[in-house]
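Keep in mind that what you see is a predicted model, and the values were worked out from it rather than measured. By convention here, the first residue in the shown sequence is residue 1.
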Amino acid sequence: MSETVHEVENGVHNYSSESEWVKPTDPVTVERLEWFQDQKLALMMHWGPYSQIGMVESWTLSDEDGDWARNDVDWTDDYEEMKREYFALNKTFNPIRFEPEKWAEVAAEGGFKYLIFTTKHHDGFCMWDTHTTDYRITGKDTPFHAHRYADICKNVFDAFRDKGLAIATYFSKADWNTPYYWAPGMERGRHMWRGPSYNPAEHPSMWEKFVQFTHEQIMELMTRYGRIDILWLDAGWVRDGGKVNQDIRLGEVVERARQTSQPWLLSADRTVGGAYENYVTPEQTIPDRPLHVPWESCITIGTSFSFGFEDKYKSARQLVHILMEVVAKGGNLALNVGPQPDGRLPKGAVKSMKDLGAWMKVYGEAVYGTRICAPYYTGDCAFTRKGDTVYCTYLYANENSPVSGQIRIPYTEAVTGIELVDTGESVFYTRDQEGIIVHLPENQLNGAAPIAHVFRMATK
C-alpha cells in the first residue's frame with residue numbers, strides 16, 4: 001500500500017489493490033487458492049477477555065487511536081489506569097458455559113466451510129497454551145486455566161474440524177503486552193501508538209527478541225494444533241516499510257511452517273501485499289467491482305467484531321444479500337460473531353446463522369464452488385457460474401417487495417434451458433436484446449417476497 005493510505009482508520013483496515021497481489025509460483029499454494037475460492041463462507045470469531053466489557057477489542061489501549069476507540073470509556077478519565085484495568089481483564093475471564101461442540105454444530109448448520117479464530121489480538125492475550133508468555137488463557141492468573149476446555153484454541157479447532165470445517169488462525173503481528181514491542185522506558189513514554197515504543201533500527205537487539213517471540217508463537221500454532229489451513233495475519237503496520245520499519249521476516253516463518261508441518265498453508269498477510277498476502281481482505285465493506293484475484297471480506301453479523309451487550313444482528317435476508325454480492329464479485333464472505341463472556345454464542349447471532357444455513361441448504365449450489373460470471377452483480381441479480389451452468393440469484397429487498405410474474409435477467413449469452421433451483425421446475429422464458437424474461441409459475445407468486453428466486457441456466 002502507498003504511504004499516503006492508512007492501514008487502519010477507526011479500527012477498519014483498508015485492503016490491498018489487485019495490482020499488489022502476487023500470484024504464487026508454488027503449485028501447492030496455487031491449488032490451495034482454488035480450494036479457498038470454492039469455500040465461499042467462513043465464520044470469524046473475535047473472543048477474549050475484552051468480551052467482558054462489551055467494547056471494541058484492544059484498540060482502547062492505543063492512545064493514538066483514542067479519538068474513536070475510547071468513545072465507550074465512560075467510567076474514568078485516567079487512561080493509564082484504564083490500560084491497567086484492560087490488561088487485568090484476564091484475571092476475571094472465566095467462560096464456564098463454553099461448549100465448543102455447540103459452536104461447531106451451529107457453524108455446520110449455518111453452512112460455514114471454514115473458521116477464522118482469534119488466537120491473539122493486538123492486546124497480546126493468547127487463547128492457546130503458549131509457552132512464550134504468562135498472558136494466556138492457561139496462565140495461572142486466568143481462572144479458566146483449570147477448566148477442561150482451558151486450551152481454547154485446541155478445543156475449538158478440534159470441534160470444528162470434527163464438523164468438517166477448515167481452520168484459519170487469526171494472529172496479530174503486533175503485541176501490546178510483550179515488553180519486546182511496547183517496551184517500558186522508551187522514548188514514546190506514556191503516549192502510545194499502535195506500533196512499537198521504539199525504533200527497531202535504533203534497538204536491533206530488542207527488535208530481534210520480538211521477531212523470535214513472534215516466530216515462536218506462530219510455530220506453536222503451526223506444530224501443536226493439528227491441521228491449519230490458513231495463517232490469517234492482522235496488524236498490517238507491522239511490515240517492512242511503513243511509518244516505522246517493522247520487518248518480522250514473515251516469509252521465514254511461513255516457509256518453515258510449510259516445510260515442517262503445514263505444506264498446504266495459505267498466508268493472508270493483510271494490507272501488506274506481496275508474496276505472503278495470498279488473498280486480499282476487505283473489512284466491513286464489499287468492493288465496488290469484481291476482483292479478479294482471490295479475496296475475502298470480513299463483515300460482522302452484528303455491528304461490531306467483539307461482543308456487545310445490546311448488539312443487533314443482521315437478518316437472513318441481509319446476510320444472503322451480502323453473501324451474493326460478495327460471491328458474484330469473486331470473493332468469499334467471512335461473517336463475524338463475537339461470543340459472550342460466559343462462552344455462549346448470542347441467541348440473536350445463532351438465529352441469523354441458522355436461518356442463513358437453511359437458505360444455503362436449498363440454494364448452496366449457486367454459491368459453493370462457483371466462479372464469477374458477467375454481468376456479475378447488478379443490484380437485483382447476482383450471477384455465478386459452475387461449468388456450463390450459470391446461476392442467477394434474483395434478490396428481493398424485503399418481504400413486501402412486489403413479486404412479478406415476469407422477471408428480467410440481464411444475461412445476454414445463449415441459454416438452452418432455465419430451472420428454479422429449489423424445485424427443479426423448468427420455467428418458460430423469452431429473450432430480447434437486453435437479456436432474458438423469465439415467466440414465474442403461478443405457485444411462486446403468492447405470499448411475501450422470498451429472499452430470492454434462484455435460477456439454474458444451462459448454457460450448453
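- In this structure, the side chains of I167 and R227 stay at 4.5 Å or more apart for every pair of heavy atoms.
- Side-chain atoms of Y170 and D234 form a donor-acceptor pair, as typed in the model, at a separation below 3.5 Å.
- Under the 6.0 Å cut-off for aromatic ring centres, W21 and W295 do not qualify, their centroids lying 6.0 Å or more apart.
- Other residues, nucleotides and ligands place more than 12 heavy atoms under 6.0 Å from the NZ atom of K386.
- P346 places none of its side-chain heavy atoms less than 4.5 Å from the side chain of D311.
- In this structure, the side chains of Y276 and L231 stay at 4.5 Å or more apart for every pair of heavy atoms.
- Interatomic distance, K113 NZ to Y368 OH, rounded to the nearest 0.5 Å: 4.5 Å.
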Practice prompt. Report the C-alpha separation of T370 and K40 in whole Å, then their side-chain angles, then the decisive distance to 0.1 Å, and conclude whether the side chain to side chain contact (heavy atoms under 4.5 Å, CB included) test is met.
Written response: CA-CA 9 Å; T370 61; K40 302 306 182 190; 3.6 Å; yes

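- Smallest separation of non-hydrogen atoms from N155 and A150: ND2-N, 4.3 Å.
- No side-chain heavy atom of E109 sits less than 4.5 Å from a side-chain heavy atom of E105.
- Heavy-atom minimum distance, I53 versus F309: C-CE1, 3.8 Å.
- Y149 and H147 have tilted rings, their planes meeting at an angle from 30° to 60° on a 0 to 90° scale.
- The shortest heavy-atom contact between N336 and S304 is ND2-O, 3.9 Å.
- Proximity of Y391 to M457: side-chain heavy atoms (C-beta onward) are nowhere separated by under 4.5 Å.
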Practice prompt. Go through the steps to decide whether F93 and W47 satisfy the test ring pair (Phe, Tyr, Trp, His ring centres under 6.0 Å), and finish with yes or no.
Written response: CA-CA 11 Å; F93 189 47; W47 196 40; 5.5 Å; yes

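- Under the 4.0 Å criterion applied to side-chain N and carboxylate O atoms, R371 and D38 are assigned as salt-bridge partners.
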Fill in: Worked check of side chain to side chain contact (heavy atoms under 4.5 Å, CB included) between Y411 and T459
CA-CA 11 Å; Y411 185 77; T459 60; 4.0 Å; yes

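- Using modelled atom types, one finds no donor on one side chain facing an acceptor on the other under 3.5 Å when comparing D123 with Y135.
- Between C373 atom SG and R385 atom CZ the span is 4.5 Å, to the nearest 0.5 Å.
- A donor-acceptor contact under 3.5 angstrom links the side chains of T138 and R136, judged on distance only.
- A distance-only check finds no donor-acceptor pair linking the side chain of K460 to the backbone of D388 [under 3.5 Å].
- Ring orientation note: the planes of F98 and W103 are nearly perpendicular, at an angle over 60° on the 30°/60° scale.
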Discussion item. Could you walk me through whether K314 and S352 satisfy the side chain to side chain contact (heavy atoms under 4.5 Å, CB included) test, starting with their C-alpha distance in whole Å, then the side-chain angles of each, then the deciding distance to 0.1 Å, before giving a yes or no?
Written reply: CA-CA 7 Å; K314 296 177 179 68; S352 295; 5.6 Å; no

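- Side-chain N or O atoms of T281 include none that pairs as donor or acceptor with a backbone N or O of T271 at under 3.5 Å.
- D229 has a carboxylate O that lies under 4.0 Å from a charged side-chain N of R32, or vice versa, which qualifies the two as a salt bridge.
- Looking only at atom types and distance, the side chain of T92 has a donor-acceptor partner in the side chain of Q52 under 3.5 Å away.
- Look at E220 and K120 and you find no salt bridge, because none of the NZ, NE, NH1 or NH2 atoms lies under 4.0 Å from a carboxylate O.
- Residues Y114 and N332 have side chains that bring a donor and an acceptor to within less than 3.5 angstrom of each other.
- Between F383 and the options I372, T393, I409, a side chain to side chain contact (heavy atoms under 4.5 Å, CB included) holds for only I409.
- Using a 4.0 Å cut-off between charged nitrogen and carboxylate oxygen, R239 and E277 do not count as a salt-bridge pair.
- When only modelled atom types and interatomic distance are considered, S306 and H46 share no side-chain donor-acceptor pair under 3.5 Å.
- In this structure a side-chain-to-backbone donor-acceptor pair under 3.5 Å is present from T130 to T132.
- Without hydrogens or angle criteria, E34 side chain to E31 main chain gives no donor-acceptor distance under 3.5 Å.
- Formation of a donor-acceptor pair under 3.5 Å by the S315 side chain with backbone atoms of Q318 is found in this model.
- R270 places no side-chain N or O within donor-acceptor distance of the main-chain N or O of L233, the cut-off being under 3.5 Å.
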Worksheet item: Going through the distances and angles, do D72 and V56 end up as a side chain to side chain contact (heavy atoms under 4.5 Å, CB included)?
Response: CA-CA 9 Å; D72 292 331; V56 63; over 6 Å; no

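- The aromatic rings of W59 and W68 are tilted relative to each other, their planes meeting at an angle between 30° and 60°.
- In this structure a side-chain-to-backbone donor-acceptor pair under 3.5 Å is present from E20 to S17.
- Between H439 and F428, the ring planes lie tilted relative to each other; the angle falls in the 30° to 60° range.
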Discussion item. Working note: R194 + D65, criterion salt bridge (charged side-chain N to carboxylate O under 4.0 Å, His left out); need CA distance, chi angles, decisive distance, verdict.
Written reply: CA-CA 8 Å; R194 61 180 74 113; D65 294 283; 2.6 Å; yes

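- Summarising the geometry of V326 relative to S297, their closest heavy-atom pair is CG2-CB, 4.5 Å, with the distance given to 0.1 Å.
- Distance check, rounded to the nearest 0.5 Å: CG of D380 to NE2 of H453 gives 13.5 Å.
- The backbone N or O of C381 sits less than 3.5 Å from a side-chain atom of T378, completing a donor-acceptor pair.
- Side chain of R256 to main chain of S261: no donor-acceptor pair is present (N/O by atom type, distance under 3.5 Å, no hydrogens or angles).
- Note that CZ of R161 is 5.0 Å distant from CD1 of I228, once rounded to the nearest 0.5 Å.
- Residue-environment remark: CD1 (I96) stays at or below the threshold of 12 foreign heavy atoms within 6.0 Å.
- Taking the side chain as every heavy atom from C-beta outward, L115 and V156 approach each other to under 4.5 Å.
- A donor-acceptor contact shorter than 3.5 Å links the side chain of Q284 to the backbone of T300.
- The aromatic rings of Y396 and Y394 lie perpendicular to each other, with more than 60° between the two planes, well past the 30° mark.
- The shortest distance between side-chain heavy atoms of I286 and Y377 does not fall below 4.5 Å.
- With values rounded to the nearest 0.5 angstrom, Q433 atom CD is found 11.0 Å from T412 atom OG1.
- The structure places CE of M360 at 9.0 Å from CZ of F112, a figure rounded to the nearest 0.5 Å.
- No more than 12 heavy atoms of other residues, nucleotides or ligands lie within 6.0 Å of CD in E399, so this atom counts as exposed by the packing criterion.
- Listed here is the closest heavy atom pair of M324 and A366: CE-O, 4.2 Å.
- At a threshold of 4.5 Å between non-hydrogen side-chain atoms, the residues T169 and M222 count as touching.
- Residue H215 comes nearest to I248 through the heavy atom pair NE2-O, 2.7 Å, listed as atom of the first residue, atom of the second, then distance.
- We find that R408 and D432 are joined by a salt bridge, their nearest charged nitrogen and carboxylate oxygen being less than 4.0 Å apart.
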